[in-house]
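In what follows, a single structure is set out as structure tokens and then discussed.
Computed from a prediction, not measured in an experiment: that's the story for all the values here. In this chain, residues are counted from 1 in sequence order.
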Amino acid sequence: MSEENENIRFSSYEHVSMKPDEKEEVFERLVGSMTGEKSRKNRWIPTLLTAALVSLFILAGGYALMNGVITNQSAPHEEAIKEVLEKIFTGPDDELKSLMDQENRYIEEGNGEEYFDLLLSYYKDTYRPYMTPDTIEQYVNESKLSIQVFTYTDGYHLKAEKIDVKQDKKREESYSFTVDVRYEKEGGKEGTVKVSGDMAVDEEGMISSIRYRDEELWGENGLIEKTR
């Protein structure tokens, strides 16, 4: 018997009349009972730890899932804005080029209004998935979508080489952007201009606002001036 077990005393033990071997048996049963109770308590420890870890992973997974949902909700807007910027700063495509090549003829024949209607129809077809027809017409008139009309006048072609879009942390409907625009002309100048600004989307996810930094587009060292 161990020294630890010998130090254990029970108040009624000395007053019970038993044979020595019976006392020894009772004593061992008591010690065994206590040891078993400790063992059962110890078995709960890994169980509780496992439950805690499972709960932690569930919470972490829930957070990741929620974060993923929020990210996926904003991602389509970012992709749509990138697509719009790609279209604005890449081209002109063959359809727009053919139309602009006929501008002088329409004007000389006194059909300038018809030419504008055809130009507007092209832009409405191009940007219909991203904004309303009224917004498209407004931004064509404000030269926010029709930038290639100015750059192609002198024969320049544009290409959006790099597009970065970031959602505003304070205004979820607002997105800032930066575009590296490559301009080149056969036998003429070539280079890259950075154009930045912001766009906003409405409740239906349609683009409702476009703003550029004027100096990067219309300034002395802006894209329009570089392509003259």
Side-chain angles (χ1 to χ4, degrees), residues 66-100 103 113-153 156-183 192-219 221-227:
M66 183 60 68
N67 187 54
V69 170
I70 294 172
T71 300
N72 288 335
Q73 287 177 342
S74 62
H77 298 325
E78 292 182 5
E79 289 303 315
I81 290 171
K82 286 182 179 180
E83 290 173 7
V84 168
L85 291 168
E86 177 85 23
K87 293 177 182 297
I88 291 174
F89 293 107
T90 299
D93 60 17
D94 290 339
E95 183 180 356
L96 181 58
K97 188 188 304 182
S98 175
L99 184 58
M100 289 191 293
E103 179 183 4
E113 186 174 343
E114 181 182 353
Y115 171 77
F116 178 78
D117 288 342
L118 290 172
L119 194 64
L120 182 59
S121 178
Y122 166 85
Y123 282 112
K124 285 184 176 180
D125 289 342
T126 301
Y127 295 101
R128 194 181 305 277
Y130 311 101
M131 57 192 79
T132 67
D134 288 343
T135 301
I136 295 171
E137 184 170 357
Q138 175 188 342
Y139 288 156
V140 169
N141 288 328
E142 294 177 358
S143 303
K144 292 182 177 180
L145 298 179
S146 51
I147 291 171
Q148 294 172 40
V149 171
F150 297 93
T151 57
Y152 185 67
T153 298
Y156 280 91
H157 291 258
L158 306 179
K159 181 175 177 55
E161 292 191 328
K162 182 182 178 183
I163 302 174
D164 291 322
V165 177
K166 293 182 180 179
Q167 186 177 27
D168 193 298
K169 294 181 179 180
K170 295 181 179 179
R171 296 184 301 163
E172 295 182 356
E173 75 282 0
S174 181
Y175 296 80
S176 61
F177 63 80
T178 302
V179 188
D180 290 342
V181 185
R182 178 78 178 174
Y183 62 89
T192 302
V193 174
K194 188 181 296 293
V195 178
S196 57
D198 60 75
M199 291 191 188
V201 297
D202 60 21
E203 295 178 352
E204 284 75 34
M206 305 292 278
I207 293 173
S208 58
S209 173
I210 302 176
R211 295 189 302 178
Y212 302 109
R213 295 186 186 277
D214 286 344
E215 66 273 13
E216 296 173 352
L217 198 58
W218 306 100
N221 294 311
L223 178 62
I224 304 302
E225 186 65 30
K226 294 271 188 186
T227 54

- prompt: Among all residues two or more places apart in sequence or in another chain, which pass the side chain to side chain donor-acceptor pair (under 3.5 Å) test with E173?
  reply: none
message: If you compare all heavy atoms of G222 against all heavy atoms of V193, which two are closest, and at what distance to 0.1 Å?
response: C-CG1, 4.5 Å
query: Is a side-chain donor or acceptor of T90 paired with a backbone partner of K87 at a separation under 3.5 angstrom?
result: no
task: With sequence neighbours left out, write down each residue that passes side chain to side chain donor-acceptor pair (under 3.5 Å) with T151, or none if nothing qualifies.
output: none
query: Do you know which two heavy atoms are closest between T227 and I224, and how far apart they sit?
result: OG1-O, 3.0 Å
field: All salt bridge (Lys or Arg N to Asp or Glu O under 4.0 Å) counterparts of R182, not counting sequence neighbours
entry: E190
message: Using the salt bridge (Lys or Arg N to Asp or Glu O under 4.0 Å) criterion, which residues pair with E203? Sequence neighbours excluded.
response: none
- request: Determine the minimum heavy-atom distance between G219 and E225, stating which atoms define it.
  value: O-CB, 3.4 Å
task: Not counting sequence neighbours, which residues clear side-chain contact (heavy atoms from CB on, under 4.5 Å) with E216? List them please.
output: S196, R213
- request: Can you sort out the partners of K194 under salt bridge (Lys or Arg N to Asp or Glu O under 4.0 Å), two or more places apart, ordered by chain and number?
  value: D180
- request: Kindly give the heavy-atom pair with the smallest separation between I163 and E86, and that separation in Å.
  value: CD1-OE1, 3.7 Å
- request: Check whether any side-chain heavy atom of V149 sits under 4.5 Å from a side-chain heavy atom of L119, and report yes or no.
  value: yes
query: Is atom NZ of K97 surrounded by more than 12 heavy atoms (other residues, nucleotides or ligands) closer than 6.0 Å?
result: yes
message: For E172, I'd like to know if atom CD has over 12 heavy atoms of other residues, nucleotides or ligands within 6.0 Å.
response: no
task: Using side-chain contact (heavy atoms from CB on, under 4.5 Å) as the criterion, list what pairs up with E113, not counting sequence neighbours.
output: D117
query: Got a sec, which residues hit side-chain contact (heavy atoms from CB on, under 4.5 Å) with D168, two or more places apart in sequence or on another chain?
result: K170, R171, S174
message: Test of understanding: with side-chain contact (heavy atoms from CB on, under 4.5 Å), list the residues that count as partners of S121, not counting sequence neighbours.
response: D125
- line: Nearest heavy-atom approach of Q148 to I88 is NE2-O, 3.0 Å
- prompt: Residues in salt bridge (Lys or Arg N to Asp or Glu O under 4.0 Å) with K144, at least two apart?
  reply: E142
Qualifying ring pair (Phe, Tyr, Trp, His ring centres under 6.0 Å) pairs with a residue from residues 116-153, counting only residues at least two apart or across chains: F150-W218, Y152-H157
query: Are the side chain of T135 and the backbone of S208 linked by a donor-acceptor contact shorter than 3.5 Å?
result: no
task: Please report the shortest heavy-atom distance between K226 and N221, naming the atom on each side.
output: CE-O, 3.5 Å
